Every structure is written in C-alpha cells, then in structure tokens.
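To start, the structure itself, in structure tokens.
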Amino acid sequence: MEGFDNKTHQDQHAAGLADASLGKSDLGQSATSKGSSILDSKFNEALNQNLSGLDTTSAKAEASKAGTSKGGSDLAIDQNKDGEKMGTCQFAGTAACNCNKTKSSDSTGTDDHDHTGAGASRENHVALSQVDVVRGLDLTKLRKEISFKDDIGTRGDFLIPGAGRNTVIGTGDKDLIDGRGGGFNTITTGGGKDSILLDSKTTNLILDFDPTKDRLLFTQSMDLNNIVIAQGKNPGKGGVDTPLDSINNTLIIDKSDGHILASLAFTKATALQGIEQTDRKGFSLVDDKIFNTLNEVQFGKVQEGNGQLTGTSGRDKLVGGKGDDFLYVGDDGFKLGTAKGGGGTEFPFRTDSPGTSELTPTLKNGVLSFSGSYKDFDGAPLFSQGEKELDPNAKVLSGANPKALVDGFLKVPVDKEGNVISGTHLHFSPAGDNRGNFADATVVRYFENKPTDAKSGTLSGKFELSPEEQAAFLAGTLYVNIHSNVDVDGDGRAGFATGENRLNLNKDVVRLV
C-alpha cells in the first residue's frame with residue numbers, strides 16, 4: 001500500500017454500503033440502525049448479552065457518588081428539553097469533525113434483516129442524555145506521570161498522527177500514541193502496555209483498548225472536572241463504521257460540549273472503575289515537560305510526513321502531517337494463525353451440525369487474502385446453487401422470518417469491491433477472546449465458496465482493505481461466518497441459514513509482535 005492515497009480512500013468510503021440519504025444524526029439523537037442484524041429483536045439481545053452484567057442501577061449510583069465526592073466530577077450539563085446541541089465545536093464543518101448541528105428531518109426504523117449497515121453514524125459528539133453515564137474522574141486519586149522513558153518498549157513506537165482522519169497501528173510491545181492532533185484517529189494499539197494521550201480537540205476510536213494493561217493520559221491544560229465515563233446506548237451497527245456511541249463501547253466525553261475524546265470499542269465502562277489509582281495503566285495526568293524525557297529514548301528510525309509511514313521491526317518514531325495519515329506497524333509486525341470453526345460454534349446459537357471449517361489469512365501491502373475449506377456441512381453454502389430463497393427444510397435457529405432473512409442478504413448483491421453475493425461473509429466484531437462475544441451482520445466482504453461435493457468445498461477471498469479495515473483486522477475484530485442452505489444430497493438435512501460455522505479472526509489468530 002505504497003503512498004496511501006487520500007482521495008482514493010475517500011472515494012472508496014463514499015462508495016461503500018452506507019446509505020448517504022440518511023445523513024448524520026443530530027447531537028441529541030442517537031442513530032438508529034436501518035438494520036444490520038439478520039435476526040429479530042431477541043437475537044439482538046443475545047448478541048449483546050455481554051452487557052447484561054452492566055448493573056445500570058449501581059452504575060448510576062456510582063455516577064452520583066462520583067459527582068458529589070471530593071475530587072469527583074459534577075455530572076450535570078446544560079441541555080434543552082430535547083437533549084439536543086450542547087455548546088459548539090470549533091471543528092464543525094471541517095474534515096476534523098463529523099458533527100451535525102441541525103436536527104435530522106426524518107428518522108429511520110429498524111429493519112433487522114438489512115446487512116448494509118446504513119444506520120451507522122460516526123458522530124463524534126453526543127448528549128449525556130443519550131448515554132449511560134457511569135462516573136467522572138476521581139481527581140484525588142489521579143496519578144501524575146513524570147517520565148515517558150518507560151512507556152516505549154525495546155521494539156515499541158512513538159506514534160504521532162496529525163490533523164485529518166488518521167489510522168494508527170502499533171506494535172506488540174509498549175507504544176506511546178499522541179492522539180492530540182485535532183483530527184479523528186482510528187487506533188489499534190497492539191499487544192503491549194500502551195499509552196494514548198487525549199485532548200478535547202480530537203476523537204480517538206481505539207479498537208483494542210485493554211483496561212488491564214493500557215492507559216489514557218490527560219494533559220494539565222484540560223479541565224478534568226468536565227471528563228465523564230459512559231457506556232454508549234446506540235443500537236446502530238455498520239461494520240467497521242459502527243457508531244462511536246455503540247452500546248458495546250465505553251466513551252470518554254467532555255461534558256462541556258459533548259465531544260467524544262475516546263471511544264473504546266467492545267469495552268464495558270464498569271471495567272474502568274477505580275483505575276486512576278493503578279500503576280502505569282488506566283488514567284494518568286501529564287504535563288508538557290514530560291516530553292523532554294523522550295530525549296533519552298533512542299529511536300532506530302524517525303519518519304515525518306503525509307500519507308503512509310511504515311515502521312520497522314525496531315523502535316520507531318512516526319510523525320504524521322496535516323492530511324489523512326496511515327501510521328502502520330509494517331507487514332512484519334504481526335503473525336497470523338489459522339481460524340477454525342465447527343463444534344456448534346456459530347455464535348450466538350449452538351448447532352447440531354457436524355460441519356467444520358478453517359481459514360488462513362495473509363495481509364500484505366494492504367491486501368487481505370484467505371484460503372480455506374469446509375467439510376461435513378448439512379447443506380450447500382447459501383446462494384451457491386443460484387437460489388434466491390431458503391430450502392423449506394433449512395434450519396433458522398432464532399425463529400427469524402425466512403423470507404426476510406434472505407431478502408436482507410439480497411439487499412447487498414455485491415460488496416464494496418464488487419464481489420458478488422455468497423453465503424460466506426466477512427463481518428466486524430470479536431468473539432472467543434477476552435472481550436466477550438459480539439456480532440454485527442453488516443457485510444464487510446463476500447468470500448468465494450466452491451462446493452467440491454454435497455458436504456464440502458473450498459473458501460477463498462482477496463480483499464483490498466482501507467487503513468481503517470486493516471486496523472480492525474489487526475485488532476482481532478473481524479469474523480467470518482458460513483451460511484448453508486440447500487439439501488443437495490437429499491438426506492433430509494438442509495443447512496443452517498443463520499450460519500453453520502463462525503470463524504473468529506480474534507486475538508488468538510491475529511497477533512502483533
């Protein structure tokens with residue numbers, strides 16, 4: 001992916017699966033999904049079962065306690081009766097901000113069988129009435145860091161994206177990421193104990209934040225009484241473009257204007273309780289003098305400029321420019337294993353299928369390739385027989401409407417690269433690792449599946465990924481599921497239309513080194 005081309009990236013993004021006619025959501029109105037789930041509302045509840053442990057009553061009590069205790073933040077905020085616009089954003093109308101200060105003229109209902117992700121929005125402001133506020137910062141326990149010397153590992157990087165819309169992918173060692181350039185950053189930190197600097201002018205989407213290892217840093221120039229921690233409530237989904245205030249994300253918000261400083265994907269806000277007082281993880285405070293300590297760090301390579309900056313296997317300092325930059329760990333910065341499916345692993349429902357599958361990915365120069373196979377399936381892969389409806393004997397595990405199920409797929413006859421519809425899909429969301437189980441039915445890409453007999457076949461795919469999609473893949477947040485359908489051999493067992501196998505490209509398969 002030599003010389004990342006911003007215009008090409010923007011054109012590809014605009015030509016994606018999102019319905020541009022929906023526009024952006026208003027500040028006080030969370031975006032609704034036009035449907036990214038293939039199943040009904042009960043299925044949606046199952047998909048988000050990992051949040052069932054979030055005790056909203058105790059969370060609100062904790063928020064109230066934090067707001068009244070010594071050093072805690074006052075969680076009140078001025079809003080109008082509709083919970084709309086709060087303050088102004090100096091980046092409104094620029095490439096650094098997605099906010100829309102006008103109320104949406106219409107709303108879109110939920111269609112649970114639409115795979116387009118048209119309900120997604122990347123709004124980077126939110127009203128506190130639209131999230132579940134958990135607490136403010138406990139300023140009495142906030143540590144002040146005096147050195148960055150130990151925050152970059154022997155093979156870690158110092159990564160500094162500038163303005164614009166940037167993508168940052170760190171290493172498996174400790175990295176320091178300065179996310180204060182005034183733009184929008186999509187970040188995969190890697191596998192180490194990583195540190196990310198925040199400010200009130202920038203939004204950072206962090207795809208692999210680990211509350212047990214990573215930390216967020218605030219500068220002394222910020223009014224920390226305005227910082228609140230919240231759980232998103234937005235049910236909208238859209239693949240890699242899932243809303244920042246998704247119900248699966250923790251938000252770090254400046255309550256003075258509703259600006260989202262950070263969105264921590266697939267993270268519970270309750271996991272950030274009490275982390276101000278932990279050692280070199282969680283939350284910390286820094287001042288500008290701390291950057292002088294980086295003079296003691298020897299970097300093997302220093303790069304500055306616009307576009308793509310690719311790191312080495314050693315310690316690097318990568319500094320972006322004023323445009324849209326891609327700070328990339330390099331093709332030698334990760335190791336990929338083989339994902340396996342089967343044994344009733346189609347999340348969130350168990351199956352009685354004897355079918356198994358495996359996929360091996362490779363990523364080089366921004367191109368993600370797969371090779372794999374499946375065997376012992378109950379039916380031929382969906383759409384592989386040219387059908388446009390379900391076999392009457394096909395099992396639909398959730399009780400979803402079979403016609404709506406297939407019609408939802410048919411709404412996406414090709415993916416963003418023009419790959420034609422198939423029953424094997426690349427989707428966004430992790431499962432099977434320490435982050436819990438999630439699913440988003442928005443189509444990211446279609447695979448090619450070729451039956452070799454009634455029960456078996458091969459799988460392949462070759463996709464050119466945007467920088468954001470590469471970050472999602474290397475964060476371990478993609479998965480593949482194989483839908484089957486027609487009872488080809490006539491044994492009376494048609495396929496599982498809701499997915500016979502799921503193969504998780506999670507942190508156990510994708511590892512930064």
Side-chain angles (χ1 to χ4, degrees), residues 1 9 12-13 15-17 36 38 115-117 238-241 331 334-342 345-347 355-375 377 380-386 409-432 439-452 456-485 495-496 499-506 508-511:
M1 202 152 161
H9 166 60
Q12 288 175 343
H13 194 75
L17 301 176
S36 30
I38 58 178
H115 303 264
T116 66
V240 180
D241 292 324
D331 289 346
F334 50 86
K335 293 184 177 180
L336 307 178
T338 296
K340 296 183 178 182
T345 59
E346 171 52 28
F347 171 80
T356 59
S357 56
E358 61 178 33
L359 273 174
T360 301
T362 60
L363 178 64
K364 188 174 182 179
N365 296 327
V367 176
L368 178 63
S369 301
F370 290 93
S371 62
S373 61
Y374 65 93
K375 63 181 181 179
F377 268 37
L382 187 64
F383 305 127
S384 67
Q385 309 301 299
F409 281 115
L410 294 174
K411 288 180 180 179
V412 192
V414 295
D415 64 26
K416 67 193 299 183
E417 288 188 39
N419 300 300
V420 298
I421 190 171
S422 77
T424 305
H425 311 135
L426 183 65
H427 300 294
F428 175 72
S429 291
D440 180 343
T442 306
V443 173
V444 177
R445 296 292 194 283
Y446 287 131
F447 282 72
E448 183 176 4
N449 44 40
K450 293 183 177 180
T452 55
S456 307
T458 61
L459 305 169
S460 62
K462 189 174 183 179
F463 314 124
E464 185 173 347
L465 302 187
S466 68
E468 295 92 340
E469 290 172 334
Q470 291 180 60
F473 172 68
L474 291 176
T477 58
L478 297 181
Y479 71 94
V480 177
N481 64 351
I482 309 172
H483 302 258
S484 56
N485 185 17
F496 287 78
E500 190 153 349
N501 276 183
R502 170 166 168 158
L503 302 101
N504 295 310
L505 305 169
N506 57 23
D508 297 330
V509 175
V510 181
R511 186 169 63 87

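If you're wondering where the values come from, they're calculated on a predicted model, not measured in any experiment. Residue numbers run from 1 in the order of the sequence given.
- Considering only heavy atoms from C-beta on, Tyr374 comes within 4.5 Å of Pro381 through its side chain.
- Summarising the geometry, atom OG1 belonging to Thr345 is positioned 12.5 Å from atom NZ belonging to Lys340; distances are rounded to the nearest 0.5 Å.
- In this structure a side-chain-to-backbone donor-acceptor pair under 3.5 Å is present from Asp331 to Asn365.
- The minimum heavy-atom distance linking Glu464 with Glu417 is given by the pair N-OE2, 2.7 Å.
- Under the 6.0 Å cut-off for aromatic ring centres, His425 and Phe447 do not qualify, their centroids lying 6.0 Å or more apart.
- Classification of the Phe409-His115 ring pair by plane angle, with boundaries at 30° and 60°, yields parallel.
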Quiz item: Under the side-chain contact (heavy atoms from CB on, under 4.5 Å) criterion, do Asn485 and Phe383 qualify, and how do the steps go?
Solution: CA-CA 8 Å; Asn485 185 17; Phe383 305 127; over 6 Å; no
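- Arg502 approaches Ala439 most closely through the heavy-atom pair NH1-CB, 3.7 Å.
- Judged by distance alone, with hydrogens and angles left aside, the side-chain atoms of Tyr479 form a donor-acceptor pair with the main-chain N or O of Asp440 at under 3.5 Å.
- The side-chain heavy atoms of Val509 and Asn504, taken from C-beta on, include no pair separated by under 4.5 Å.
- Formation of a donor-acceptor pair under 3.5 Å by the Asn501 side chain with backbone atoms of Ser357 is found in this model.
- Between Pro361 and Phe370 there is a side-chain heavy-atom pair separated by less than 4.5 Å.
- Here CZ of Phe473 is found 11.5 Å from CZ of Phe463. Values are rounded to the nearest 0.5 Å.
- Between atom CD1 of residue Ile482 and atom CG of residue Leu359 there is a gap of 6.5 Å, rounded to the nearest 0.5 Å.
- Contact of the Leu474 side chain with the Leu363 side chain is registered, since non-hydrogen atoms from C-beta on lie closer than 4.5 Å.
- Heavy-atom minimum distance, Val367 versus Lys462: CG1-CG, 3.7 Å.
- Side-chain contact check for Leu505 versus Leu336: every heavy-atom pair is 4.5 Å or farther apart.
- Here the CZ-OG1 distance, from Phe428 to Thr442, works out to 10.0 Å after rounding to the nearest 0.5 Å.
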Practice problem: Let me see the working for Thr360 and Thr338 under side-chain hydrogen bond (donor to acceptor under 3.5 Å, both in side chains), right down to the final yes or no. | Solution: CA-CA 4 Å; Thr360 301; Thr338 296; 2.8 Å; yes
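- Taking CD of Glu346 as the reference point, atom OG of Ser484 lies at 10.0 Å (rounded to 0.5 Å).
- Listed here is the closest heavy atom pair of Ser384 and Asn449: CB-OD1, 4.1 Å.
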Quiz prompt | Trace of the side-chain contact (heavy atoms from CB on, under 4.5 Å) decision for His427 with Asn481 | solution = CA-CA 8 Å; His427 300 294; Asn481 64 351; 3.1 Å; yes
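- Contact of the Tyr446 side chain with the Val420 side chain is not registered, since no non-hydrogen atoms from C-beta on lie closer than 4.5 Å.
- Atom-to-atom distance recorded for Thr424:OG1 and Leu459:CG is 5.0 Å, nearest 0.5 angstrom.
- Judged by distance alone, the side chain of Thr477 and the main-chain N or O of Ala472 form a donor-acceptor pair under 3.5 Å.
- Closest of all the heavy-atom pairs between Gln385 and Ala380 is NE2-CB, 3.6 Å.
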